[in-house]
Protein chains: 2
Amino acid sequence: MKREPKRAMPRAKSAEKNARSAKAGTRKPSLAPTRRERVQSKEDAIIAAAHKSLTTRGFAKTTMSEIARKAGVAEGTLYLYFSNKNALARAVLAVFYKRLTQTAKTGVAKCATTREKLEFLARHHLESIIGERRLLELIASDVRNTDAYEGSDVYKMNREYVAVFDDVMRGGVWRGEIEDGAAQWIKRDIFFGSLEYSMRTLLMKKRSSKKDVAAVVAELVKLLMGGAGVRTEPMSNRDLTKAVERVDAAALRLERLSAVKM
Amino acid sequence: MKREPKRAMPRAKSAEKNARSAKAGTRKPSLAPTRRERVQSKEDAIIAAAHKSLTTRGFAKTTMSEIARKAGVAEGTLYLYFSNKNALARAVLAVFYKRLTQTAKTGVAKCATTREKLEFLARHHLESIIGERRLLELIASDVRNTDAYEGSDVYKMNREYVAVFDDVMRGGVWRGEIEDGAAQWIKRDIFFGSLEYSMRTLLMKKRSSKKDVAAVVAELVKLLMGGAGVRTEPMSNRDLTKAVERVDAAALRLERLSAVKM
DNA sequence: CATATATGATGAATATCACTCAGTCATTAA
DNA sequence: TTAATGACTGAGTGATATTCATCATATATG
C-alpha cells in the first residue's frame, strides 16, 4: 500500500478505429480478432476477475496474483493495464457505476410521478448496494483517498449517477410535487447517506426482509417529499399557499363587509 | 492482511483491584506504579500512538513499526496487547466512541427541548467525525468485516452511542414533540447516514463553512421532527393545512354572521 | 536473603504481498 | 526473410504484518 508508480500505462488507449481493414476488397472479413480487440477483451477479463474477487473477498483480502490467475494472465500483465491495485479497483467501480446509472435512468423513465421515481431510485440503489456491498467499502476508504480521486473515472461516473437523483428532485420541485426546501446537495446527502447506512443495518439483521427495504424506502421518500404523508397526493406547498391566500382574501372581504353592516 | 492468530491475548485483564497495598500502615503509599498500572499505562500509550497514526495517515499507510516507535515499545510488544492490527484499530475506535458518547450525553443534558437536543447531537456528530474522519473509514471497511464485529468493543460502544440519539427521539415522541412515524432504526439510519455522507461532501468542498454544517443540521432536524419546522423558511405542508383550516373556519363563521345580518 | 516462577518485553526471522524489470514471444512492416 | 514494435511473462525486490525463541524483571516462596 504505497509505491505509486509514475510510469505511464502502455495500455491500449480508448475507443475509435473499429474499422477492421479498409481495403477489404478481395479478402474475407477475417474473423480473427485484431490486436486491439484482443487487448480490449483482455482488459475486460481482468476487470471481470477483479470484480469477482473484490465483491466476494473485499479489497484487503484480494491479491493481485489471485486476480491474475482468474483472468488467465501473468501478474505483471495486470500492471500493463492498470498502474496499481487501486487503479484496478477504481476501474471495477467505474463499471459498477456505469451499469447502475443505466438501470437507474431507464427505471426512472418508466415512472409517472415524482414519488414513484423517488421510490424506484431508492429501492434500486438499496438493492444494488446490498448486492455489491464490498464495492462500497472501496469508496469510503482507500480508493477515495489515495492519489487523485477527483478527476478519476469513478468520480465522473459517480457524478453522473447522482445526477439522476438530482434531476428527479428538481423536476419534482418544478412541477410543485415537492416543496423546495434545502439545498440540493443536502437532499442528495440525506438520500444516499440514509440508504447506505441502512444497508449496513439490513445486512446485520439476521433476516432482513423485503418489508424492511420497503419501510426504509417509504420513510425516506416521505421525508424528501415534504413529510406531508397524507397518503395519495398531498397538495404541493405552492398550491396550499395559494389556497391560503385566496381564503384569506375572502375572509378579509367578509370582515370588511360585516364591519360595514354592523 | 490475513493471518489472524488464535492465541488468546496475554494482555492485562480489565478493571478492579486499584487498591495498592491494603496494609499501608507504616509504609508510605509507595509512589512506584504497580505492575498492573505499568501495563495499563503502556496499553494507553500504544492506543494513543495508534490513534495519532491512524487519524493522520489512515489505516493502510499506518505501519505497526511506526506505532511501536511512537509508543516506545518493540514491535512484538504490540501483539502482547492486541492480537493484530485490526484489533488495535478497533481499540482506538472504542476509545473514540467512548469519548463521543460522553460528550454527547452531557451536551444533550444541557438542552431543553427535543429540537435543541437533536440539533446539538447532529452538530456534535458532524463536527466530531469531520475531525476524525480517518477513523470512520475503519468502520466501513476492514474493521467491521474481518473477524467478529458483533460482540466486539467497538460494536458495544457504538450501540451505547446511538442509544443517546434513540433516547432523545423516543423522549420527543413521548412528549408529543415529534410525530411517531417510522421505526426507530430507520430514523437512526437516516440521522447518522445523512451526517456521515454529508461529511464527505463537506470535506470535498474547498471551503466548507460553518454555514454548510448548520444547513445540514437544520434540514435533518426539520425532517426528523416531522417537517413541522416552523422555521423562518417556507411553512410545512402540515402547518399550512392547519392554517387553511383555521382561516376556513373563521371565514365560515363570518359568512354565517353576515348572512344573518344581511 | 536466595532462588524459582511467572509476567512482560524484545527483535530477528518468516510469510505474504504489491510492484518491477530484464528478457521472451508474436505480430506486423519492410 | 528480417527488423521493429507491441504484448506478455514470472522470477526478483522491498515492505510489512505476525511469530517465536529468548531475555529481563518483578513477585512469590523457602
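Order of the sequence lines fixes the chain letters, A, B, ..., with proteins taken first and strands second; residue numbering starts at 1 for each chain.
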Atom pairs and distances, side-chain donor-acceptor, residues 67-75 of chain A, under 3.5 Å, sequence neighbours left out:
residue  : atom : partner  : partner atom : Å
Lys70(A) : NZ   : Ser53(A) : OG           : 3.1
Lys70(A) : NZ   : Glu66(A) : OE2          : 3.4

Rounded distance in Å - CZ (Phe59(B)) to C1' (dT16(D)): 12 Å
So that I can tick it off, tell me whether Asp166(A) and Arg188(A) are bridged by a salt bridge, with the cut-off set at under 4.0 angstrom between side-chain N and carboxylate O. yes
Rounded to whole angstrom units, what separation is found between the CZ atom of Arg36(A) and the P atom of dG6(D)? 13 Å
Using a cut-off of strictly less than 4.0 Å, decide whether Lys85(B) has a side-chain nitrogen or oxygen near OP1 or OP2 of dT16(D). no
What is the distance, rounded to the nearest whole Å, between atom CG of Leu88(B) and atom P of dA17(D)? 11 Å
OP1, OP2 of dC17(C) versus side-chain N and O of Thr63(A): anything below 4.0 Å? no
note: Lys61(B), atom NZ; dA15(D), atom P; distance rounded to Å ~ 16 Å
For Lys61(A) and Arg134(A): C-alpha separation, side-chain torsions, deciding distance, then whether side chain to side chain contact (heavy atoms under 4.5 Å, CB included) applies. CA-CA 11 Å; Lys61(A) 287 188 178 170; Arg134(A) 300 291 193 141; over 6 Å; no
Taking only N and O in the side chain of Tyr81(A), is any of them less than 4.0 Å away from OP1 or OP2 of dC8(D)? yes
Regarding Lys85(B) and the six-membered ring of Phe59(B), is the cationic atom NZ or CZ under 6.0 Å from the ring centre and inside 45° of its axis? yes
Among the nucleotides dT18(D), dT10(C), dT27(C), which one has an atom lying closest to any side-chain atom of Arg38(A)? dT27(C)
How long is the line joining CE of Met64(A) and P of dA18(C), in whole Å? 7 Å
What's the closest nucleotide to the side chain of Val39(A) if the choices are dA17(D), dA7(D), dA18(C)? dA7(D)
Can you tell me which nucleotide in dT16(D), dA18(C), dT10(C) comes closest to the side chain of Leu80(B)? dT10(C)
What nucleotide, of dT19(D), dC8(D), dC19(C), holds the atom closest to the side chain of Tyr79(B)? dT19(D)
Of dT16(D), dG11(C), dC8(D), the nucleotide closest to the side chain of Ala74(B) is dG11(C)
dA18(C) P sits how many Å from Glu66(A) CD, rounded? 9 Å
Between C1' on dA15(D) and CZ on Arg57(B), what's the gap in Å once rounded to a whole number? 13 Å
Taking the six-membered ring where the residue is Trp, are the ring centres of Tyr161(A) and His125(A) under 6.0 Å apart? yes
For Arg69(A) and dC17(C), give me the distance from atom CZ to atom C1', rounded to whole Å. 14 Å
Taking only the side-chain nitrogens and oxygens of Lys42(A), find out if one of them lies under 4.0 Å from OP1 or OP2 of dC8(D). yes
